[in-house]
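Each remark here refers to the structure printed beneath this line.
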Amino acid sequence: MDQTVRCMSKRFYLTTAIDYVNGQPHLGHAYEKIITDVMARAQRSAGAEVFFLTGADEHGQKVQQAAHAEGRAAQEYCDGLAATWQAFVARLDVTNDDYVRTTQPRHKEVVQAILSKLYAEGQFYKAPYRGFYSTKEETFLTEKDRRPDGNFDPSYGEVVELVEENYYFKLKDHQQWLIDYIESHPDFIFPENRKNEVLGFLKNNTLEDLCISRPSSRLSWGIPLPFDPTYVTYVWFDALSNYVTLPAALGDPLLCKALGCGAGKPVGPELWPADKQVIGKDIVKFHAVYWPIMLKAMGVPLPKQLVVHGWWQKDGQKMSKSTGNVVDPLAVVNEWGVDAFRYYVVRELAIGPDGNWTDAGFSARYHAELANGLGNLLNRSLSMLNRYRKGVVPQPSSELAKDAEKAAAESWAAIEKNELQDALVSIWGLVNRANQYVDQTAPFKMAKDPAQSARLDEVLYNLAESCRILAVLLWPFIPGTSARIYAQLNLKTTPDKRSEAQWGGLVAGHVIGAPEALFPRRDQPAAGK
RNA sequence: CGCGGGGUGGAGCAGCCCGGUAGCUCGUCAGGCUCAUAACCUGAAGGUCCCUGGUUCAAAUCCAGGCCCCGCAACCA
């Protein structure tokens, strides 16, 4: 059956990092979700079956303490936060296919299966750890926590030297293998400078084995080790696993077989290995070192690519809650619209370098590129078609077809190379070309001369069709705007298929709708001034 | 010798890996147009590409040295 065939084909699987719930959503979270969403939508638009996963990281000391401080059960506390985070993702028009939470049974079961397997295969060993422990903060302190005078800050309270037994994962054994893997898979870490950074780290340091447990006597909010219930799983081991636990829980055949966790369950979609795992530069080490070694030990292939993005600054300064130097994504979305926000963060910054958010820059791009460029093009094109032809689409003409094809080809090629910023630049090549075309052909002059009626038809067709194609090309980036363009063209379908970017989609005789400003200008003087 | 990013016309950036007319956006100035969201189009001015030295026929680009700026406790992508 068709259904079976569809289920059996490997899907394009993308992930973001999962968010630690014990914090507020900010610009960085929004950025990561949006760039991943653009990639996901672009793949779907090209006809791929996509699975896009994001989620929440809910275990750990801080959550346990915060819940306790509010006098609430940890799970109840997390449920409230997770709802906030999911609403945040939805507000950004992000099309994740599922949302994994590390407190869900489906996640925990697979984590335990992984732990059992690795334990049985001798990947873990138990060893004592000696260190300085703050009973007040309930955490071990490191040498970095010492003040210059050698003492620990009084805020840590009483500090005692403590010996604690824990389980360790043998990372060392796999160090050379990982170096070889990264060197033989040059696309594994994107962009290249991050790859070089990881290689430099691996070649100049000896990996310490990773502690993967915490005694439940001091941290209960975690996943118990299946082979020793007096411990819970270290949060990073727990969190990283999400990328495979969710597919495994859904019945991914490769993972179920490797982890031995799918017995008796129906076979689900083929997701693993992930095609792209999008993360921030701060957690490269976890994803480019610990995570590949975990997978290797599990006997599971590595993701095809880690896409590492940079951080945002605000006005050239680090964003910081304490100084109030922050950008609230929801406030911007509420004021300017979700598409203006999506557009800005993708257009302003290539994936990799750090970026700088300025309100002036945001406003400048909004007005120059969205309002005056794209919005005005649609408005003038549709206005003239309505005014001179009563909104009836003339016979097709292909004067701008090559420009449209160029924008389509270039933008797609850029997206496949993770160059989303360049894709938008290519698309704006068509916006600018079409605006120039209006000026060069001057349809508003032809309209006054009946002898040029046939030529006017051609020009009006080229403009309307260019607008339609722009809607298709922009779908991954600003889907709401794409849909509005289609609505103004009075098209009943959704511009969510790249195949619709083929020139000639508008047919003669079709009647378009009324133009309406896509992005109203905001810099007008106040009324009465 | 801690690690990393960066210093390019007024502002913000690309180019540097794979040396050879220094490109983009905004701003400024001048012209054009009037379909359109006072939007659009064309042109112009404006740069010791941080400094010094080296390699080369040729360096923003490669090499060496130096100066300056920004991140690297925590929240956190």
Side-chain angles (χ1 to χ4, degrees), chain A residues 16-20 22-36 62 66 137 141-142 144-147 153 155 191-194 196-197 200-201 204-205 278-284 308-313 316-322 326 329 345 347-350 352-356 358 360-361 363-388 421-422 425 428-429 431-448 456 459-460 463 515-525:
Chain A
T16 70
I18 55 174
D19 301 312
Y20 201 59
N22 195 34
Q24 285 299 307
H26 58 64
L27 178 59
H29 300 111
Y31 177 63
E32 184 171 303
K33 305 286 182 290
I34 288 170
I35 59 177
T36 311
K62 293 199 178 69
E137 294 295 323
L141 305 176
T142 68
K144 281 195 227 168
D145 293 317
R146 286 186 193 271
R147 296 187 306 185
D153 194 276
S155 67
E192 193 178 7
N193 64 335
R194 293 293 167 204
N196 295 338
E197 197 176 310
F201 170 78
N204 294 316
N205 297 277
V278 180
I279 59 168
K281 68 176 186 178
D282 55 323
I283 51 178
V284 168
V308 184
H309 64 76
W311 279 19
W312 283 90
Q313 295 189 320
Q317 300 289 315
K318 180 168 182 162
M319 280 194 246
S320 160
K321 272 186 220 165
S322 48
V326 294
V345 295
R347 178 62 184 79
E348 178 68 21
L349 180 60
D354 287 351
N356 186 26
T358 62
S363 177
R365 286 205 186 282
Y366 178 90
H367 287 105
E369 294 163 18
L370 293 176
N372 300 349
L374 176 65
N376 188 44
L377 173 67
L378 180 75
N379 207 318
R380 65 199 310 209
S381 300
L382 300 196
S383 289
M384 288 190 282
L385 186 51
N386 273 310
R387 177 179 299 209
Y388 306 142
Q421 180 189 42
D422 290 345
V425 171
W428 251 257
V431 171
N432 296 330
R433 171 67 187 118
N435 272 322
Q436 181 192 53
Y437 180 74
V438 174
D439 201 71
Q440 290 173 343
T441 57
F444 38 85
K445 284 183 180 168
M446 296 176 195
K448 295 170 184 165
L456 177 58
V459 171
L460 293 175
L463 289 172
E516 181 194 342
L518 291 174
F519 298 97
R521 291 187 66 93
R522 301 295 203 78
D523 54 357
Q524 305 306 314

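Predicted model, so just to flag it, every value in this text is computed and none were measured. Numbered from 1 within each chain, the chains take letters A, B, ... in sequence-line order.
Take the nearest nucleotide of RNA chain B for A:Asn435 and for A:Gln313: the residue whose nucleotide is more 5' is A:Asn435. Along RNA chain B, the nucleotide closest to A:Arg347 and the one closest to A:Lys62 are compared, and the more 5′ of them pairs with A:Arg347.
For the pair A:Glu348 (side chain) and A:Gly355 (backbone), a donor-acceptor distance under 3.5 Å is absent. Although no hydrogens or angles enter the test, the distance criterion places a donor-acceptor pair under 3.5 Å between the side chain of A:Tyr366 and the main chain of A:Pro520. Under the 3.5 Å distance criterion, the side-chain polar atoms of A:Trp312 are left unmatched by any main-chain donor or acceptor of A:Leu27.
In a base pair of the Watson-Crick type (N1 to N3 plus N6-O4 or O6-N4) or a G-U wobble (N1-O2 and O6-N3), with each distance short of 3.5 Å, B:G2 is matched with B:C72. Nucleotide B:G46: unpaired (no Watson-Crick or G-U wobble partner with both distances less than 3.5 Å). As the counterpart of B:C62, B:G54 is assigned, both hydrogen-bonding distances of the Watson-Crick or G-U wobble pattern falling under 3.5 Å. Base-pair partner of B:G10: B:C26 (Watson-Crick or G-U wobble, both distances under 3.5 Å). Nucleotide B:C16 forms a pair with no other nucleotide shown, judged by Watson-Crick or G-U wobble geometry with both contacts under 3.5 Å.
Remark: the separation of the P atoms in B:C50 and B:G6 is 13 Å, to the nearest Å. Distance noted for atom C1' between B:U48 and B:G7: 15 Å (whole Å). One P atom belongs to B:C13, the other to B:C35, and the distance between them is 40 Å to the nearest Å. Atom name P, nucleotides B:C62 and B:A14: the rounded distance is 15 Å, in whole Å. Between B:G47 and B:U55, the distance separating the two C1' atoms is 26 Å to the nearest Å. Separating the C1' atom of B:A39 from that of B:C3 is a span of 49 Å, rounded to the nearest Å. One C1' atom belongs to B:C16, the other to B:C75, and the distance between them is 37 Å to the nearest Å.
Contact annotation for A:Tyr20: backbone-only contact, meaning every heavy-atom pair under 4.0 Å involves sugar-phosphate atoms and none involves a base. Looking at heavy-atom distances under 4.0 Å, A:Leu27 makes no contact with the nucleic acid at all. Residue-level contact check: A:Asn379 touches the bases, meaning some heavy atom is under 4.0 Å from a base atom. Within the 4.0 angstrom heavy-atom criterion, no nucleotide atom of any strand lies near A:Pro443. When heavy atoms are screened at a 4.0 angstrom cut-off, A:Ala364 is found touching no nucleic acid atom at all. Across all strands shown, A:Gly280 has heavy atoms under 4.0 Å from sugar-phosphate atoms exclusively, and none from any base. Using a 4.0 Å heavy-atom cutoff across all strands shown, A:Gly361 reaches no nucleic acid atom at all. Within 4.0 Å (heavy atoms only), A:Gly310 reaches at least one base atom of the nucleic acid.
Contact annotation: side chain of A:Asn376 to base of B:A36, donor-acceptor pair present below 3.5 Å.
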Could you list the protein-to-nucleotides 27-32 of chain B atom pairs, N/O on both sides, closer than 3.5 Å?
residue	atom	partner	partner atom	Å
B:G32	N2	A:Asp439	OD1	3.2

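Between A:Gln436 and B:U42, a side-chain N or O to OP1/OP2 separation shorter than 4.0 Å is present. Taking 4.0 angstrom as the limit, A:His309 places none of its side-chain polar atoms (N or O) nearer than this to OP1 or OP2 of B:A77. A sub-4.0 Å separation between OP1 or OP2 of B:G12 and a side-chain N or O of A:Arg365 is absent.
Atom CG in A:Asn356 sits roughly 18 Å away from atom P in B:C69 (whole-Å rounding). Atom-to-atom, NE2 of A:His367 to P of B:C40 comes out at 12 Å; the value is rounded to the nearest Å. Atom-to-atom, NZ of A:Lys281 to C1' of B:C3 comes out at 12 Å; the value is rounded to the nearest Å. Atom-to-atom, CD of A:Glu516 to C1' of B:A36 comes out at 15 Å; the value is rounded to the nearest Å. A:Asn372 places its CG atom 13 Å from the C1' atom of B:C41, with the value rounded to the nearest Å. Nucleotide B:C35 holds its C1' atom 10 Å from the CG atom of A:Leu463, rounded to whole Å. Across the protein-nucleic acid pair, A:Asn193 atom CG and B:C16 atom C1' stand 14 Å apart, rounded to whole Å. Look at CH2 on A:Trp312: it is 16 Å from P on B:G12, rounded to the nearest Å.
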Passes side-chain contact (heavy atoms from CB on, under 4.5 Å), A:Tyr31 versus A:Trp311? Steps please. CA-CA 9 Å; A:Tyr31 177 63; A:Trp311 279 19; over 6 Å; no
